[in-house]
Every structure is written in C-alpha cells, then in structure tokens.
Amino acid sequence: MAANLISIRGLSRIYRMGDNEVRALDQIDLDIAEGEFVAIVGPSGSGKSTLMYVLGCLDRPSDGSYLLGGVDVGALDDAALSQVRNREIGYIFQSFNLLNDLSVVDNVALGLVYAGEDPARRQETAQALATRFGLGNRLSHTPNELSGGQMQRVAIARGLACRPRLVLADEPTGNLDSRTGAEIMAMFRRLNAAGHTVVLVTHDPGVAAQADRAVRIVDGKIVSDESNQRPAGEPSSSSGSGRLAAGGDIADVPKPQGEGVIKSGDTLRIAVHEGLLAHKMRSALTMLGIVFGIASVIAMTAITEGGKQRQLEQIRQIGMNAIQVRSLNLDGARLLAQRRVNPDGITTEDLTSLRRHIDGIEASAAWKELKAEVRLGDRLATDATPQGVTGDLQAVLDFHVEKGRFLDAGDESAAARVCVLGADVAASLEATPGSAVTVGDQLLTVVGVMGRKAYATSEISDIAISNRNRDVYLPYSTLRAYYRKVIRDTQVDAIALRMASDEGLVERSQLARRIVSDLHRGAEDFIVSVPLETLRQAQATREVFNLLIIVIAAISLIVGGIGIMNIMLATVTERTREIGIRRAVGASRRTVLAQFLAEASMLSLTGGIIGLLAGVAGALAVEAVFGFTVAFDPLIAVLAVCVSVAIGIGFGLYPAWKAARMDPVEALRN
Ligand code: ADP
Ligand code: MG
C-alpha cells in the first residue's frame, strides 16, 4: 500500500456551550492509506459528521494534528486551505447541498469555477461528468426537478469535478431508497477501484460491509477498526444497473487546468446572475435610492449648467468684459426734473470723456435708437430697430458683417446716407449690399449685411438684451443730420466699453459712474452696469441652490446605500447555505467577500447607470417642455457612476465581510 494519505494524532473537537463542554471528537488517532475505502460507523451523535468536517478541512480541530498527504493542514491559512478543499477533497453531503438556482451542469461545475477553470472547459468537463453519472438527459434541469438518486449523483459528480484524491461522503445513502442506495455504493466502489481514496459515513451495517475497512466511533472515540474480509474477484458492481455501468469511470474526463484562483469575470458573472437577476424585483427596488440620487444630480446639474451657459451666452451678446452706460427710462415729471439739470442726457462727449479717463478700454461704441419704418420697395421689415452708431460696434459686441462692409470713419465724417442691415432685416427685405432702403423718410444705400448673432432673451435683470439680427445701423452723424426731429431727451441711448480684461471691472465701472455723473452735473438719468459682474452675482446665488441639490442627492445616495446594505445583509442570511457550499468546494473567505462586494457594487452601478439615463431623460424633458437650455457635463456622468460604485462597495463591505467571516460548518448546518 501507498503512504498514508490521512494521518491523525490526538485529534479532538470540543464544542463549548456556556459551561458545558461537548467532546464531539476525543483524542482520535487514525491513519488512512492512499487508495483505501473506509466506512465510518457509529450511532447518531457519536461524532461522525464532526470527523468528516475536520477531514474535509471545513472545520479545524480543537487539539491534535491532521496531516493530509503529509501536509499539516492546521498550519495552512484560509486561502491555502480553500485550495486544498478545492483540489484534494471531494465532499459529498448527506443532504446533497446543491444550489437550487443552478442547472445540473452548473452545479457540477461549481468547484471548477473556484479552480479558475475557463468557462468553455468547465462546461465541457461538467457535461462529461454529468453524462458519466447518468445525467446526460438532465443537464439543464435544476435540482428540484430531480429525484433523490439523481441529486446524489449530481453531488458526487460535483465532488469529483476537480479530480480530488480524497472523496468524503457523509451518509451518502441515508436519504435514498435501498435500490438507489445500492447504485450509489456501486459508484463509490468503482471510484475507489479507479484510485480515489473514499471515506464514507454510514449507520447501515450493510453499507459498511461493502467498504475495505470499518472504523467505529462511539462518543467521539474510536472503539474498533477492522478490515472487511472480502473474497478476491467479487464482482463489485453486482447491484448496479446497466444504466450506470459507466458511472464512476471518469479517467478520461479532462482534468482542471485553472490557476486555482477564481477569474474576476466569474466573480462578476455570479454577482449578476446569481445575485441581481435571481431576484429582479428586489434588485430593482433596492436600486431606487441610487437611481433617484444619481438622476436628480444629473438632471439638476444639467439644468443649472444649461442656465449658466445661457447666461454666459447672453453676456457674449452684450460683449464680454463690457461696461455699459445706459440712459434711464424715466417718466414725465422725473424726466423733466433730470433734464433741467442735464438737458442732453447721455452724449457722445460722455463717450469721449470715458475713453480719455479710463484705461484698458479695448473698444467702445455708442448708439441711439430711431423709431422709424424700414422698407425696400413695398416690403416692410417688421420689428426692425434702426439706430445711429458711433465707435467700433463690431469689436464691442464681437459681431461682424458677413457681406459688404461695416460703417467706417468716412461714413461718420461725411454723414453718409448708408446703412448696414441685421440678418433678419436683410432676409425679410431681400436686401443685399447695394440695395436702397428707406428708413423713415430717407433713402439709404445698404453697404453691408451682418452675420447672424445668437439671441436669447435676458433672464438677468439689469442686463438689457435686444435681438441684434433686427438692427439697422446708420452712422450716428447721419442720424443727427437727417433725423433731427427724432432726437429727443437723450442724445445716445447707451455707451458700451469693452475692456481688455475682466480685472478691475467693478472699479472701472465706478469710475465711469463718477465721470458721467460729473458731466451730467449730478443728474440721475443714467445707469452703469457690468453684465459680467451681474452674472457672477447671479451665479453666486445659484451656488446656494447647487449646494442644496448636492445635499439632497447625498441624502438620497446615503439612503440608497443603506438600502443596499440592508438587502445585502438579508441576502447573506438567506444564502448562508449557499455560502457554506461554495466554501466547501473551494471558495476562500476573500472570494466570498469579493462575490458579495461585486454583487453590491453591480447593484449600485446598475442603479447609477439607470439614474444617469433617467437624469438625462428628465433634463431633456424639461428642455422640451419648459424650453430651458440644458448642458451635460461628461465629467459629472463619470463621477456619478464612480460614486454609485463607491456606494455599493462602501455599503456592501459590512454584509460581504459578514458573509466571508461565516464558518463553513455553521453555514452548512443551517
Ligand atoms: P453524528 O454525525 O455522528 O451524528 P455529530 O458529529 O453531528 O454526530 O455530532 C457529535 C456531537 O457533537 C453531538 O453530541 C452533537 O450534539 C455535538 N455537536 C455537533 N455540532 C455541534 C455544535 N455546533 N455545537 C455544539 N455541539 C455540537
Ligand atoms: Mg451526522
């Protein structure tokens, strides 16, 4: 005979319950040689199962040593012990312990997953094994569609999938009728004949008689150890039916080649299929908190970001870094009072003065609107806004001619009868450079047509925005020369200064106010505004709102995370037996931890992605219904997804740790 596969010395397993001490195993010495077929017999409660758990490396002895193949398993850490369970030991439980959600093939392949076998080979091996054990026509059935004998054969096939040296079976015939029991025993004998060391527990003397050796345990002590005398050449499969003739002959089934560590793809697959999809409704409800949290962040930031961009766009319409001096709209008595102090309102002299006294002006312009109809032949441009302009309006507004040319200094000094049309006006009059249009009672030659300028209505009070595409520009001098009657109250409506940078905008605007106020002898007939500054203030108030959104989202995400934790804790309790089974076939604590963490993070990731899509859809709906502009920031989307995964990991950690910490024997006793 070969060397001892199992060598046990002075082994005890003591259960302590309060002051009570149960010596389930008491100072046992036992040697089992490679290739032996041993039956452990004894009355109920004598410690047989306890011995099997210790032999199967599912439980650690309280005292004594256990060498398996010469290795002291007591000295191995969890990972190494898990590898031993996976590779060296095939454990067949009394109660089958199959996973009810998995098919026959997937049950058989369970150990191969933890051996790191790749899916195709796993499938192949498991199918071959299941077929050898007479389950060829039940491959995709689930355990609850099988008979007891079939379930036991699935359990045996699973135990053999990694081709262990040692096959342990706890009462393998206990739950079966005598005929099926005999078939199963025949199978064990063939396995033994093929070289596997078989240790099985039974309380049936008939079953024990079929083993080479019977070890009797009473009260945790070995009381007898005898070899069964069996005549040589006795047919070992006499009681097996022909259908199972091949059962146990697995020499040609491929051996696993994995690296002994579960593949991360499998961890994810288990998380998705056996976690998320196994309880779809529950998963969906669990995700809700995350979905709402992420969706609200995405939608709200899209809307606020859209608002910001729209305001920025409005500032661009006015001109970035601009300071505006505008005439105040006053009614009768108050207008009169101001005009007594300052008869001309804002004037081009104000502009000249401002240019002289304020540094850093890049461009400047002033304009005066004219109430007059604009026509070409019998076509009338509705809503056209003719205005006399002086200075460099193109530079101030960042608004340029597309066809022809803009008004120039020559036009200004000659008070030329020319004009430049905004895009809408040109389109409605079908005018091009060279056309003659009438503005009021004057015939003017079109010298240019402006490009189209984006336009959105103003939302910020203090910032007046007009649709520049309806403008008609004529030289200010032309306005003064030909439309004298229309110039009343203020000489110009507005002066715009474009500064080289946004530095000192506020200080310069205050200076502008003082200069104009002096020139107007204190009359309060104008207003100085800095659109960019107004925008900043508007955005600052928005920040408070943003903070509120973040707080709401954070609460929602935390609630979502707690929901995940809650469900995961319930799941761990519910799947205790599953965890025990996975540990028994070779899953280490780390692997179990990773599986539950993967499950929690897949749950929250899915919630996060659904939330992301819902948030985008919600923002787009708001855009469609209310006409808000929305803007999506891909960074926020990435962040949202990362946050949801982090929540899954964060809140899944405790349940996963609980699952990993679970004692396999305790888990299996459930
Ligand atoms: P058998 O399988 O021979 O019926 P067991 O090995 O299951 O017996 O149990 C042996 C003894 O140890 C019994 O007295 C049982 O009550 C006790 N025992 C088993 N497991 C535990 C446990 N987890 N806690 C306390 N006592 C236990
Ligand atoms: Mg038992």
Side-chain angles (χ1 to χ4, degrees), residues 6 8 10-30 32 38-66 68 73-74 81 85 89-98 148 151-152 155-156 159 166-176 181 184-185 188 198-211 213-226 572-573 576-581 583-584 589 658-659 661-670:
I6 290 171
I8 280 176
L11 188 137
S12 298
R13 179 67 174 96
I14 300 163
Y15 295 109
R16 287 197 176 80
M17 295 187 330
D19 290 341
N20 264 10
E21 216 177 57
V22 178
R23 293 190 161 260
L25 294 175
D26 194 2
Q27 297 287 327
I28 281 184
D29 294 336
L30 179 65
I32 295 175
V38 180
I40 312 274
V41 293
S44 180
S46 56
K48 305 183 296 295
S49 291
T50 305
L51 177 60
M52 291 299 262
Y53 287 134
V54 171
L55 290 180
C57 298
L58 287 165
D59 198 6
R60 288 180 190 266
S62 313
D63 198 12
S65 70
Y66 169 25
L68 176 63
V73 295
L81 211 55
R85 282 199 294 270
I89 299 166
Y91 203 106
I92 294 142
F93 300 94
Q94 178 173 358
S95 48
F96 317 132
N97 272 336
L98 302 178
M151 285 198 270
Q152 188 62 295
I156 296 172
L166 178 60
V167 175
L168 300 172
D170 194 351
E171 307 249 16
T173 60
N175 290 346
L176 305 175
I184 297 295
M185 281 310 294
F188 279 113
V198 177
V199 179
L200 59 78
V201 164
T202 183
H203 58 259
D204 180 345
V207 169
Q210 295 182 50
R213 179 179 159 195
V215 176
R216 168 167 282 273
I217 302 186
V218 175
D219 286 342
K221 290 193 171 73
I222 294 178
V223 294
S224 74
D225 187 344
E226 322 170 329
V572 168
T573 311
T576 301
R577 199 176 64 94
E578 176 198 325
I579 295 166
I581 294 168
R583 295 296 308 277
R589 285 184 198 281
K658 269 194 84 165
R661 199 195 50 168
M662 215 171 257
D663 179 45
V665 174
E666 290 302 318
L668 286 164
R669 277 191 209 275
N670 270 281

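The first residue of the sequence shown is numbered 1, and numbering continues consecutively from there. Counting starts at 1 for both ligands and their atoms, in listed order.
- Within a 4.0 Å radius of atom 25 (C) of ligand 1, the protein has at least one heavy atom.
- Close approach of ligand 1 to G45 is summarised as follows: ligand atoms under 4.0 Å from at least one heavy atom of the residue are 1 (P), 3 (O), 4 (O), 8 (O), 10 (C), 11 (C), 13 (C), 14 (O).
- For D219, the CG atom counts as loosely surrounded, since its 6.0 Å shell holds 12 or fewer non-hydrogen atoms of other residues, nucleotides or ligands.
- Because the distance cut-off is set at 2.8 Å, S49 qualifies as a neighbour of the Mg ion (ligand 2) through one of its N, O or S atoms.
- The two residues I579 and M662 make their nearest non-hydrogen contact at CD1-SD, 3.9 Å.
- Summary of contacts: the protein heavy atom closest to atom 8 (O) of ligand 1 is G47 N, 3.3 Å.
- Here the closest heavy-atom approach between residue I581 and residue L668 is recorded as N-CD2, 3.7 Å.
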Given side-chain contact (heavy atoms from CB on, under 4.5 Å), test C57 with Y66 step by step and report yes or no.
CA-CA 9 Å; C57 298; Y66 169 25; 4.2 Å; yes

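- Looking at atom 3 (O) of ligand 1, its nearest protein heavy atom turns out to be K48 N, 2.8 Å.
- A donor-acceptor pair under 3.5 Å is absent between the side-chain atoms of T50 and the main chain of A24, judged by distance alone.
- Of the protein's heavy atoms, S49 CB, 3.7 Å lies nearest to atom 7 (O) of ligand 1.
- The protein non-hydrogen atom at the shortest distance from atom 27 (C) of ligand 1 is Y15 CD1, 3.2 Å.
- For ligand 1 and E666, the ligand atoms under 4.0 Å from any heavy atom of the residue are 23 (N).
- In this structure, atom 16 (O) of ligand 1 has no protein heavy-atom contact shorter than 4.0 Å.
- Within the 3.5 Å criterion, the main-chain N or O of G10 finds no donor-acceptor partner in the side chain of D63.
- Not a single heavy atom of G42 sits under 4.0 Å from any atom of ligand 1.
- Remark: ligand 1 and M17 share no N or O pair separated by less than 3.5 Å (distance only, no angle test).
- Rounding to the nearest 0.5 angstrom, the gap separating the OG atom in S46 from the NE2 atom in H203 is 11.0 Å.
- Comparing V22, T50, L51, I217 against atom 6 (O) of ligand 1, the shortest heavy-atom distance belongs to T50.
- Under a 4.0 Å criterion applied to the non-hydrogen atoms of A24, ligand 1 contributes the atoms 10 (C), 11 (C), 12 (O).
- Of the protein's heavy atoms, R669 NH2, 3.0 Å lies nearest to atom 20 (N) of ligand 1.
- K48 has no carboxylate O lying under 4.0 Å from a charged side-chain N of D170, or vice versa, which leaves the two without a salt bridge.
- Checked by atom type and distance alone, the side chain of S12 pairs as donor or acceptor with a backbone atom of Q27 at under 3.5 Å.
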